[in-house]
Amino acid sequence: MSEKNKEQVIVRFPPSPTGYLHIGGARTAIFNWLFARKHGGKFILRIEDTDVERSTKESIEGIIDGLTWLGIDWDEGPYFQSEFAHEHKAAAERLLKEGKAYKCFCTKEELEAKRKKALSEKRDIKYDGTCRRLSPEEIAEKERQGIPYVIRFKVPEREGKIGYDDKVLGRIEKDYSEIEDFVIVRSNGRPLYLLCNVVDDIRDRITHIIRGQDHMTNTIKQILLYEALGAKPPVFAHMPLTLDLQKRKISKRTHGEVVSVQWYRKMGFIPWALVNYLVLLGWNPGTDQEIFTKEELIQAFSLERINKANSIFNYRKGDPKFFTDPKAISINAWWLRHLPIEEIAEMIKEDFKKEGIWDEAYEGEKREWFLSTLDLIRSRFHTLRDFARLGRAYFADDFEIEQKALKKNMLKHPELKELLPRLGEALEKVEPWNLETTEDAVRAFASEAGVKPGIIINGMRTVITGQLKGPGIFDVMVAIGKERVIRRLKDSPRLFEGTKP
RNA sequence: GGUCCCAUCGUCUAGCGGUCUAGGACGUCGGCCUCUCACGCCGAAAACAGGGGUUCGAGUCCCCUUGGGACCGCCA
């Protein structure tokens, strides 16, 4: 910030721990985090666990784990809203004492009936203020009878409108007369989100609230609370929502794992690639740049460039080719082939162990070979998982032979049953084993045998890697090594077994 | 139903009155490269929701219609 005495930026991410971190929540966290980093401010993680019935420990761990994986770091917290219950209660008491709130003895049943009636009469479903007009005597009487009550905020009786300037949406205003006296404390004495949230934000000195547009209608009420509690409201920025192709809010319940951050980890996403994709949903830098390093993104970010319109998470359930939004995959694939190969190696280590193909030597004497092999095969992969699956033949001998490859490159050319083992023998003489010598040997063999090199090469690829596609065959031969190549070639006739010659 | 928000290619978006015969990206299709596939490169199809204004001039400003979304809980 340019001015010295400008207040420090403090933002927060306040998830309620009732499920796993989903990509919409992660996106909110990312925007807040970027804003804090951009302005040298603070990013606070605050777990809003006041809904005791639905909050779980696993969820809290999942959220923390997800953010950590994404590389979203916070400067304070995690704080737990439940630990500040006394402050929330004190605030409610204070409002009550100052006449800015009142006890409401209406029962849930009465209110429900009124709501239904209002709906059928096509009127606004607003609290009618019955208890606001209670006399002190009536209140005392009801209290004496022990009738349970909630505490409602008393919306000031003022003419005109109250409003605020939303950093994304612009000026938002609402008529005082249209705001209902909302509940701030339950009949069991526990304060509600609207109040807790404001009390916490005041205590944490939050300067900017960046959240989803689904909170927009709460904002006016919260500003009223700030005013009643004698605090200056923060700056608000309401980000567009992320919807599915049917324009419904994305949720784990209807969309499954594809909306959970953890799942992307499981599917082999590079954490930063997911951040990169998510930030582009509803924001752009005003230039054509779409791929950002962390530093570039922090530099480029601004609230002003957040979009007003909701964006769609382009995911088709059951699409065989795209297991999530194609753009997310393409960004992941981009990072997969541009990140330093050492970083990729680090990221796939666990998966290699899980797949039983990890070798400690990959961090020792085979490191150079390991890195160059990863580098060789990365360009056609989309996720980190692909290395241990599609790339298995480079690291182990027990790899699958793709049926398609077998049919197209082997069975169609029965002569390969005899040629490939012979080629294997011929290759034994090749020394040294490099790009030139292997190519010379293979081409010479093909021309001697009177077969097009392509047929030999594609057959080799099938036998050596099990796949239809892959890097140039001579690169493959060098990467896999003389001994293994020859063994696989000699062993190839078995692939013809059970088929007609 | 009420209140509020929103509206450019299939999707993410650029566009802040003339430079828009509307640009980029993903995806799709075609081509080059080539031992295959990918990468890379080249190219194509693909959008201003509709109608009124304002203006010399509107994707850009205003209004209406339509469409979509959010909220309307003693959930957060």
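Side chains included, hydrogens not; waters and symmetry mates left out as well; all remaining heavy atoms used. We name chains A, B, ... by the order of the sequence lines, and we start the count at 1 in each one.
There is no side-chain donor-acceptor pair under 3.5 Å between A:R211 and A:T28. In this structure, a donor-acceptor pair under 3.5 Å is present between the side chains of A:D181 and A:Y102. Under 3.5 Å, the side chains of A:N284 and A:R305 contain a donor-acceptor pair of N or O atoms. A:T254 and A:K249 form no side-chain donor-acceptor contact under 3.5 Å, judged by distance and modelled atom types alone.
In this structure, CG of A:L278 is placed 12 Å from C1' of B:C12, rounded to the nearest angstrom. Atom CG of A:D165 and atom P of B:C5 are 13 Å apart (whole Å). Between the CG atom of A:D375 and the P atom of B:C39 there is a distance of 16 Å, given to the nearest Å. Rounding to whole angstrom units, CG of residue A:L280 and C1' of B:U11 are separated by 12 Å. In this structure, A:F292 places its CZ atom 12 Å from C1' of B:U13, rounding to the nearest Å. Spacing between atom CZ of A:F236 and atom C1' of B:C4 amounts to 16 Å, rounded to whole angstrom units. The distance between atom CD1 of A:I306 and atom P of B:C12, rounded to the nearest whole Å, is 16 Å. Atom P of nucleotide B:C16 and atom CG of A:N307 are separated by 15 Å, given to the nearest angstrom.
In this structure, A:Y193 and A:H215 have tilted ring planes: the angle between them lies in the 30° to 60° band.
Cation-pi contact between A:R152 and A:F182: absent, since separation from the ring centre below 6.0 Å together with deviation from the ring axis within 45° is not met. By the 6.0 Å and 45° rule, A:R203 stacks over the aromatic ring of A:F84.
B:G1 and B:C63 have their C1' atoms separated by 24 Å, given to the nearest Å. Only the P atoms considered, B:U60 is 15 Å distant from B:A14, to the nearest whole Å. Atom name P, nucleotides B:U19 and B:G2: the rounded distance is 42 Å, in whole Å. Comparing the P positions of B:C29 and B:C20 gives an interatomic distance of 31 Å, to the nearest angstrom. Between the C1' atoms of B:C39 and B:A22, the separation comes to 31 Å (whole Å). Atom name C1', nucleotides B:C48 and B:C42: the rounded distance is 28 Å, in whole Å. Comparing the P positions of B:U3 and B:C61 gives a spacing of 25 Å, expressed to the nearest Å. Comparing the C1' positions of B:A58 and B:G50 gives a spacing of 16 Å, expressed to the nearest Å.
A donor-acceptor distance shorter than 3.5 angstrom exists from the side chain of A:R94 to the backbone of A:L229, with no hydrogens or angles considered. In terms of modelled atom types and a separation under 3.5 Å, the side chain of A:Q467 and the main chain of A:L390 share a donor-acceptor contact.
Toward the 5' end of RNA chain B, the nearer of the two residues A:R316 and A:I457, judged by each one's closest nucleotide, is A:R316. Taking the nucleotide of RNA chain B with the nearest heavy atom to each of A:W283 and A:G454, the more 5' of the two is matched to A:W283.
For B:G40, the OP1/OP2 oxygens have a side-chain nitrogen or oxygen of A:R337 closer than 4.0 Å.
With a cut-off of 3.5 Å on both Watson-Crick or G-U wobble distances, the partner of B:C72 is given as B:G1. Base pairing annotation: B:G67 forms a Watson-Crick or G-U wobble pair with B:C6, both donor-acceptor distances under 3.5 Å. Using N1 to N3 plus N6-O4 or O6-N4 for Watson-Crick, or N1-O2 and O6-N3 for G-U wobble, each under 3.5 Å, B:A58 pairs with nothing. Applying the Watson-Crick and G-U wobble criteria (two distances, each under 3.5 Å), B:A38 pairs with nothing in any strand. Taking a pair to require two hydrogen-bonding distances under 3.5 Å in either a Watson-Crick or a G-U wobble arrangement, B:A25 pairs with B:U11.
Checked by distance alone, A:R461 brings no side-chain donor or acceptor within 3.5 Å of a matching partner on the base of B:C37.
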### Message
side chain to side chain donor-acceptor pair (under 3.5 Å), that's the test. Do A:Q81 and A:T50 meet it? Break it down for me.
### Response
CA-CA 6 Å; A:Q81 189 164 57; A:T50 42; 3.2 Å; yes
### Task
Given ring-ring contact (aromatic ring centres under 6.0 Å, His included), test A:F301 with A:W283 step by step and report yes or no.
CA-CA 9 Å; A:F301 188 77; A:W283 174 87; 5.6 Å; yes
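When distances run from any side-chain atom of A:K308 to the nucleotides B:U3, B:C6, B:A14, the shortest one goes to B:C6.
Between A:R443 and A:D440 no salt bridge is recorded (no basic side-chain N to carboxylate O distance below 4.0 Å).
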## Note on the structure
5' to 3', nucleotides 24-33 of chain B under a 4.0 Å protein heavy-atom cut-off (B base, S sugar-phosphate only, - none) gives BBSSS-----
### Base versus backbone protein contacts along nucleotides 67-76 of chain B [heavy-atom cut-off under 4.0 Å; B, S, -]
-SSSSBSBBB
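In this structure, A:I312 reaches the sugar-phosphate backbone alone: every heavy-atom distance under 4.0 Å involves primed, P, OP1 or OP2 atoms, never a base. When heavy atoms are screened at a 4.0 angstrom cut-off, A:R305 is found touching the sugar-phosphate backbone but no base atom. In this structure, A:G212 reaches neither bases nor backbone, as no heavy-atom distance under 4.0 Å exists between it and the strands shown. The residue A:I455 sits apart from the nucleic acid: no heavy atom pair falls under 4.0 Å. Here A:K408 lies out of heavy-atom contact (under 4.0 Å) with every strand.
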